[in-house]
Amino acid sequence: MRDQRIDLLRFIGLSMIIFAHVGPPGLLFQLRNFDVPLMVLISGMSYGLSYRETGTYTSYLWKRFKRLVLPVWLFLTAYFLGIYFVNNSDPQVNVRTVFDSFVLLGGIGYVWIIRVFLIVALIAPFIYKIDKSIESTRLFYLFVIVAFFSWEVLRYISYGYINQGFLKYITLVTHYAIPYGLVYLLGLRMLVMSNRALIVTILSTLFILVTYGIILYVKEGHVVLTQAMKYPPSVYYLSYAIFVSALLWLFAERILNVISYLRFENIMLFISQNSIWIYLWHIPFIKYLDTNFVAKYGCVYIGATCIAFLQVWLVSNVLIPKVRNKTTIKNIKMILTG
């Protein structure tokens, strides 16, 4: 069962991530700085909507691996082979860049987002149990507030050490699992949240954002953008992201009505349903297209979407009709579309 509000927010999240990568000016760059937490939030919503207590944790992990990692590895293989045959002296063609890309540590860039999604997916069943164990809305809010405060303290204490030696690789997991895991938890609850509770969330995160911003202004002597506290994500960064995300969720039905009126619904649904491949295909456009950010955004987005559309069409009309095994068909769809 699909919820078009989730499709809408996934479409907005992907659109803002791509927008960030075309190099918009300062204010616009800040305004879209809710994109990755929004994608994590709606991942929680999607999990809550589709949860079925069947299968083992191992089978769940294998399914997530096929959905998140195999498409990236397939894309990266084609990407690096393409670069090598076109220009084997390209600085990207080296063992370190290739390795870091495949293990989602950096490499060509842009793949760190997939690492975040994978980390959260690994702990999703446990987050789901936490959500179901706290029935009271007040207790849930108390738990989330204490958890976020504890995370902020841990971030502050450990920040000076997270880029040193082996600890760097540990914190690439822990220091993203904790804050984004809490955002995922909030997404699970937001799916069934009343409008009143949603408005409380909006006002609370706005209060945290403004308060934190004032403290930073007094301390630093200038306005500190939330982007400055994104790696790893601080409460300041997340408060803005959750504020905007909750606001979008509150008005999702009205936005969907506008999209339907503009006859943009089918395009929005296609982009949402094929977000991972559109994201992957946008990478070469970002790297090799050089123009102003407005033109680049249009070219990157349209180009990546068109390639993804062609890919889905070829899979659906050329590849799948030649396959008889239902499990194989399911795996092909899981890896090559979506």
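For the single chain, residues carry numbers from 1 onward in sequence order. No hydrogens, no waters, no symmetry mates; every other heavy atom, side chains included, goes into these values.
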### Message
Under 3.5 Å, is there a donor on one side chain and an acceptor on the other for Gln30 and Thr226?
### Response
yes
### Message
The criterion is salt bridge (charged side-chain N to carboxylate O under 4.0 Å, His left out); which residues satisfy it with Arg115, sequence neighbours excluded?
### Response
none
### Message
Just so I know, are the side chains of Ile332 and Leu319 near enough to count as touching, which here means a heavy-atom distance under 4.5 Å?
### Response
yes
### Query
Who else is in Val95's hydrophobic cluster (ILVMFWY, side-chain heavy atoms under 4.5 Å, direct or via others)?
none
Side-chain donor-acceptor contacts of residues 63-77 below 3.5 Å, not counting sequence neighbours, with atom names and distances?
unit_1: Lys66; atom_1: NZ; unit_2: Asn331; atom_2: OD1; d: 2.7
unit_1: Trp73; atom_1: NE1; unit_2: Phe102; atom_2: O; d: 2.8
unit_1: Thr77; atom_1: OG1; unit_2: Trp73; atom_2: O; d: 2.8

### Summary
Hits for ring pair (Phe, Tyr, Trp, His ring centres under 6.0 Å) against Tyr57, two or more places apart or cross-chain, chain-then-number order -> Phe126
### Query
Less than 4.5 Å apart, any side-chain heavy atom of Val258 and any of Arg254?
no
Can you give each donor-acceptor pair under 3.5 Å made by side-chain atoms of residues 187-203, sequence neighbours left out, with the distance rounded to 0.1 Å?
unit_1: Arg189; atom_1: NE; unit_2: Asp131; atom_2: OD1; d: 2.9
unit_1: Arg189; atom_1: NH2; unit_2: Asp131; atom_2: O; d: 2.9
unit_1: Arg189; atom_1: NH2; unit_2: Asp131; atom_2: OD1; d: 3.2
unit_1: Arg189; atom_1: NH2; unit_2: Ile134; atom_2: O; d: 2.4
unit_1: Ser194; atom_1: OG; unit_2: Ala197; atom_2: N; d: 3.2
unit_1: Thr201; atom_1: OG1; unit_2: Tyr141; atom_2: OH; d: 2.4
unit_1: Thr201; atom_1: OG1; unit_2: Ala197; atom_2: O; d: 2.9

### Query
CD1/Ile114 to CH2/Trp112 distance, rounded to the nearest 0.5 angstrom?
10.5 Å
Under 3.5 Å, sequence neighbours excluded: what are the donor-acceptor pairs made by side chains of residues 259-271?
unit_1: Glu265; atom_1: OE2; unit_2: Gln4; atom_2: NE2; d: 3.1

### Task
Quick one: pull up CD1 in Ile127 and CG in Leu122 and give me the separation to the nearest 0.5 Å.
10.0 Å
### Task
Give me the other members of the hydrophobic cluster that Leu314 sits in, counting Ile, Leu, Val, Met, Phe, Trp and Tyr linked by side-chain heavy atoms under 4.5 Å, directly or via other members.
Leu310, Trp313, Val318
### Message
With a sphere of 6.0 Å drawn around NZ of Lys333, does it hold more than 12 non-hydrogen atoms of other residues, nucleotides or ligands?
### Response
no
### Same apolar cluster: Leu105 and Val98, side chain cutoff 4.5 Å
yes
### Task
Could you tell me which residues satisfy salt bridge (charged side-chain N to carboxylate O under 4.0 Å, His left out) with Asp100, sequence neighbours excluded, listed by chain and number?
Arg96
### Task
Using the side chain to side chain contact (heavy atoms under 4.5 Å, CB included) rule, take Asn88 and Val93 through it: C-alpha gap first, then chi angles, then the decisive distance, then the call.
CA-CA 7 Å; Asn88 58 18; Val93 185; 5.5 Å; no
### Message
If the condition is ring pair (Phe, Tyr, Trp, His ring centres under 6.0 Å), which residues does Tyr110 pass it with, not counting sequence neighbours?
### Response
His21, His282
### Query
Counting heavy atoms not belonging to Tyr231, are there more than 12 under 6.0 Å from its OH?
yes
### Query
Between Gln227 and Tyr240, do the side chains contain an N or O donor and an N or O acceptor separated by less than 3.5 Å?
no
### Task
Go through Lys168 and Tyr161 one step at a time and tell me if the side chain to side chain contact (heavy atoms under 4.5 Å, CB included) criterion holds.
CA-CA 8 Å; Lys168 173 183 178 180; Tyr161 307 97; over 6 Å; no
### Message
Rounded to the nearest 0.5 Å, what separates atom CZ in Arg5 from atom CE in Met45?
### Response
7.5 Å
### Task
State the CZ-OG distance between Phe148 and Ser239, to the nearest 0.5 angstrom.
9.5 Å
### Query
Does Ser46 have any side-chain hydrogen bond (donor to acceptor under 3.5 Å, both in side chains) partners at least two apart in sequence or in another chain, and if so, which?
Arg10
### Task
Measure from the ring center of Phe293 to the ring center of Tyr297 and say whether it is less than 6.0 Å.
no
## Note on the structure
Value for OG (Ser275) from CG (Leu14), rounded to nearest 0.5 Å, stands at 6.0 Å
### Task
Please check if atom OH in Tyr84 has more than 12 non-hydrogen atoms from other residues, nucleotides or ligands closer than 6.0 Å.
no
### Query
Which heavy atom of Thr171 sits nearest a heavy atom of Thr174, and at what distance?
CA-OG1, 3.2 Å
### Task
Using distance alone, with no hydrogens and no angle criterion, decide if Ser43 and Tyr184 have a side-chain donor and acceptor under 3.5 Å apart.
no
#### Entry: ILVMFWY network linking Leu280 to Ile302, side-chain heavy atoms under 4.5 angstrom
no
### side-chain hydrogen bond (donor to acceptor under 3.5 Å, both in side chains) involving Trp151 - partner list, sequence neighbours excluded
none
### Task
For the pair Glu152 and Tyr236, evaluate side chain to side chain donor-acceptor pair (under 3.5 Å) and give the outcome as yes or no after the intermediate values.
CA-CA 9 Å; Glu152 192 70 5; Tyr236 182 50; over 6 Å; no
#### Entry: Glu135, CD atom: more than 12 neighbouring heavy atoms under 6.0 Å
no
### Task
Each residue besides Met334 in its hydrophobic cluster should be listed here, by chain and number; the cluster joins Ile, Leu, Val, Met, Phe, Trp and Tyr at side-chain heavy-atom distances under 4.5 Å.
none
### Task
Of all the heavy-atom pairs spanning Ile335 and Trp277, show the shortest one and how long it is.
O-NE1, 2.8 Å
### Over all atoms of both residues, closest heavy-atom pair of Arg32 and Asp35
NH2-OD2, 2.6 Å
